[in-house]
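Chain A is the first sequence line, chain B the second, and so forth, proteins listed ahead of strands; every chain is numbered from 1.
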2 protein chains.
Amino acid sequence: MPYDPSAFPAFAVSVDLVVLTVRRHALCALAVRRGEPPFKGRWALPGGFVRPDEDLAAAAARELIEETGLLAHDPTLPAPPNAAHLEQLATYGDPKRDPRMRVVSVAHLALAPDLPAPRAGGDAHSVRWAPVESLLDQDGAFGRDSDLAAPLAFDHARILADGVERARSKIEYSSLATAFCPQEFTVGELRRVYEAVWGVALDPRNFHRKVTGTPGFLVPTGGTTTRQGGRPAQLFRAGGATLLNPPMLRPEV
Amino acid sequence: MPYDPSAFPAFAVSVDLVVLTVRRHALCALAVRRGEPPFKGRWALPGGFVRPDEDLAAAAARELIEETGLLAHDPTLPAPPNAAHLEQLATYGDPKRDPRMRVVSVAHLALAPDLPAPRAGGDAHSVRWAPVESLLDQDGAFGRDSDLAAPLAFDHARILADGVERARSKIEYSSLATAFCPQEFTVGELRRVYEAVWGVALDPRNFHRKVTGTPGFLVPTGGTTTRQGGRPAQLFRAGGATLLNPPMLRPEV
DNA sequence: CTGATTATCGTCAGGCAGACGACTATGATC
DNA sequence: GATCATAGTCGTCTGCCTGACGATAATCAG
């Protein structure tokens, strides 16, 4: 019988954040170095406890702005500049996931455009963007030239993998890939986002036809840019459509 | 600064279940009548507190078997008879969602074949299958001839709506619809599952072509049946494929 | 036997995606 | 300034899949 108020076990509840961005053609996640045991010195996902009167989404938004300065973006409103997409990912509650006590962590997924630099509260050197492959690599293939050899603290590798998988599948059928782009962007920049997140090469011509032909996906702003060299490209903003139908197809293999 | 062990707020953590099945051409959910305040006498989703050393998935599986006798089904193993699909849905943690105290609820979604009858632990009359439209109907359109007029307790209407939406979208691109069917079933029975969950009519010929043409979706058992009247139909079991590519398309409007 | 019901196979046209050719507009290099 | 490399944009063609729907098959109810 649910909700016996007289006796219930007490849990700590935290939020952990998978913050993804695309930098230099690679899908990167935000990682913080732990300053306290357990896992002291190891990299982990940003996160923290939920406050007694705080909603889960509010706790995630608070941690996000503390770690990155990014505002969480309510999808029902027009996107303010410097805003990130934020959604709940999944909840992790293995009794042994934290060696000290029972902690249930509600993981959230945030997608952000490429930012100047991560900003930490007090110690800026302990937070960084790292390519997700290096963070998920358990064998230490990146170990010789970085300090990322050790796996992530707690079950954060699993959480990160789940977040990456969510992002990979969600850009198939939604316009979420634009959350990785600045307010104005070109078709080529959007294509490089897809290529980085999926880890594949896409045909520029078919991609252009698909995204410009999907109603509501992209809105031309009129301007052009030549950021990448080559012929100047039209600039677009994200349109009102959130669901892509038919979806973008991820190439086989 | 995550994980300061000295001071953290204490939460209660519960699991709530959205258990769906298809009965008589309608998508139905399991509801229990609350015997205790708050919301005494109102219908609610089954659920309960997570035990101190219990994983979240284990707590959900325990509640499921307590309420229905259904075994939760590990998707990596061959399905035992009378097993239901069980997956985490989302977590609800509004500070005011339970008037007594701070309860964070990890909702799970279960899909079950049509069962003989729901089985409650002690009081069988307080648990029932109800069509999801009647449970979600806030205006009391069902109120004159049933006691389902009152909305569900707590935020369970929201949780149920999220679970139904998850089921509706997930049968598009996965073989999960077979979880609503008995071990052996016909193409027509599977089609009626889609029609009930989506609330649309599908063309029997195109549906037949699609599901029999998708490799790994259905495996013929050799037998035939004539449960529905009309020409006998081939019997199938669910194949090994879990992802349908290309997906089943939900008709517009 | 006749009609109703369900299952199953076929046909055809339209839409969309993958493969790829062609042309355009810029910066870099000589 | 000519040439080349680079990136963007427009077209074409072919094959696959889907929706619409005709036709046939095998049962049950009268």
Side-chain angles (χ1 to χ4, degrees), chain A residues 24-25 171-173 177 181 184-196 198 200-237 241 243-253, chain B residues 24-25 171-173 181 184-196 198 200-236 241 243-253:
Chain A
R24 284 177 288 127
H25 267 225
I171 65 173
E172 287 185 38
Y173 58 88
C181 295
E184 296 200 345
F185 54 89
T186 68
V187 173
E189 288 165 350
L190 184 62
R191 176 170 48 82
R192 282 181 278 277
V193 164
Y194 274 91
E195 291 178 331
W198 284 345
V200 298
L202 300 175
D203 185 289
R205 298 157 292 188
N206 293 335
F207 184 87
H208 189 278
R209 177 183 61 191
K210 172 70 177 174
V211 297
T212 57
T214 300
F217 193 5
L218 299 183
V219 180
T221 66
T224 61
T225 187
T226 179
R227 279 197 276 268
Q228 307 291 334
R231 172 175 167 178
Q234 272 191 82
L235 285 172
F236 294 88
R237 278 182 296 105
L243 255 46
L244 305 183
N245 196 318
M248 297 285 307
L249 290 185
R250 184 169 9 175
E252 325 266 322
V253 184
Chain B
R24 283 177 288 128
H25 267 225
I171 65 174
E172 288 186 36
Y173 59 88
C181 295
E184 295 200 343
F185 53 89
T186 68
V187 173
E189 289 166 350
L190 185 62
R191 176 170 48 83
R192 283 181 276 276
V193 164
Y194 274 91
E195 290 178 332
W198 284 345
V200 297
L202 300 175
D203 185 287
R205 299 157 290 190
N206 293 335
F207 184 86
H208 189 277
R209 177 182 61 191
K210 172 69 176 175
V211 296
T212 56
T214 300
F217 193 5
L218 299 183
V219 180
T221 66
T224 61
T225 188
T226 180
R227 278 197 276 268
Q228 306 292 332
R231 171 175 168 178
Q234 271 191 83
L235 285 171
F236 294 89
L243 256 45
L244 305 183
N245 195 319
M248 298 285 306
L249 290 185
R250 184 166 13 174
E252 326 265 322
V253 185

Gap between atoms [atom1] and [atom2], on [X] and [N] respectively (whole Å):
X: B/Met248; N: D/dC17; atom1: CE; atom2: P; answer: 14 Å
X: B/Phe236; N: C/dT8; atom1: CZ; atom2: C1'; answer: 10 Å
X: A/Arg250; N: C/dG18; atom1: CZ; atom2: P; answer: 13 Å
X: B/Asp203; N: C/dT6; atom1: CG; atom2: P; answer: 14 Å
X: A/Arg192; N: D/dA7; atom1: CZ; atom2: P; answer: 7 Å
X: A/Glu252; N: D/dC16; atom1: CD; atom2: C1'; answer: 12 Å
X: B/Asn206; N: D/dG22; atom1: CG; atom2: C1'; answer: 12 Å
X: B/Asn245; N: D/dC17; atom1: CG; atom2: P; answer: 10 Å

### Task
Could you pick out which residue, A/Pro247 or B/Thr212, lies toward the 5' side of DNA chain C when each is mapped onto its nearest nucleotide?
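With A/Pro247 and B/Thr212 compared, the 5'-side residue is B/Thr212.
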
#### Entry: Residue pair A/Thr221 / A/Val219, side-chain heavy-atom distance below 4.5 Å
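In short, these two side chains do not touch, never coming nearer than 4.5 Å.
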
#### Entry: Note, A/Thr186 side chain near A/Leu235 side chain (heavy atom, < 4.5 Å)
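When only atoms from C-beta onward are counted, A/Leu235 and A/Thr186 do touch, with a gap below 4.5 Å.
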
In terms of side-chain heavy atoms of [X], which of [options] is nearest?
X: A/Pro232; options: D/dT27, C/dA25, C/dC20; answer: C/dA25
X: A/His208; options: C/dA25, D/dC10, C/dC20; answer: D/dC10
X: A/Thr186; options: D/dT9, D/dG8, C/dC20; answer: D/dG8
X: B/Ala233; options: D/dG19, D/dG8, C/dT8; answer: C/dT8

### Query
Is any side-chain N of the basic residue among B/Arg250 and B/Glu172 closer than 4.0 Å to the acidic one's carboxylate O?
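Result for this pair is yes, salt bridge flagged.
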
### Task
Could you say whether B/Gly229 or A/Gln234 is positioned toward the 5' end of DNA chain D, judged by the nucleotide with the nearest heavy atom to each?
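Of the two residues, A/Gln234 wins.
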
### Query
Which residue lies toward the 5' end of DNA chain D, B/Leu249 or A/Arg205, if each is placed at its nearest nucleotide?
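First, find each residue's nearest nucleotide; the 5'-ward one identifies A/Arg205.
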
### Message
OP1 or OP2 of D/dA7 versus the side-chain N and O atoms of A/Arg191: is any pair under 4.0 Å?
### Response
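So the side chain of A/Arg191 is outside the cut-off, no N or O lying under 4.0 Å from OP1 or OP2 of D/dA7.
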
### Short side-chain N/O contact from B/Lys210 to OP1 or OP2 of D/dC17, under 4.0 Å
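For D/dC17, OP1/OP2 do not have a side-chain N/O of B/Lys210 under 4.0 Å.
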
### Message
What I want to check is whether an N or O donor and acceptor connect the side chain of A/Arg231 with the base of D/dA7 at under 3.5 Å.
### Response
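Per atom types, no contact qualifies.
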
### Query
Do you know which two heavy atoms are closest between A/Trp198 and A/Leu249, and how far apart they sit?
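Result for this residue pair: CZ3-O, 3.8 Å.
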
### Query
Under 3.5 Å, is there a donor-acceptor pair between the side chain of A/Gln234 and the main chain of A/Gly222?
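Here the side-chain-to-backbone pair does not exist.
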
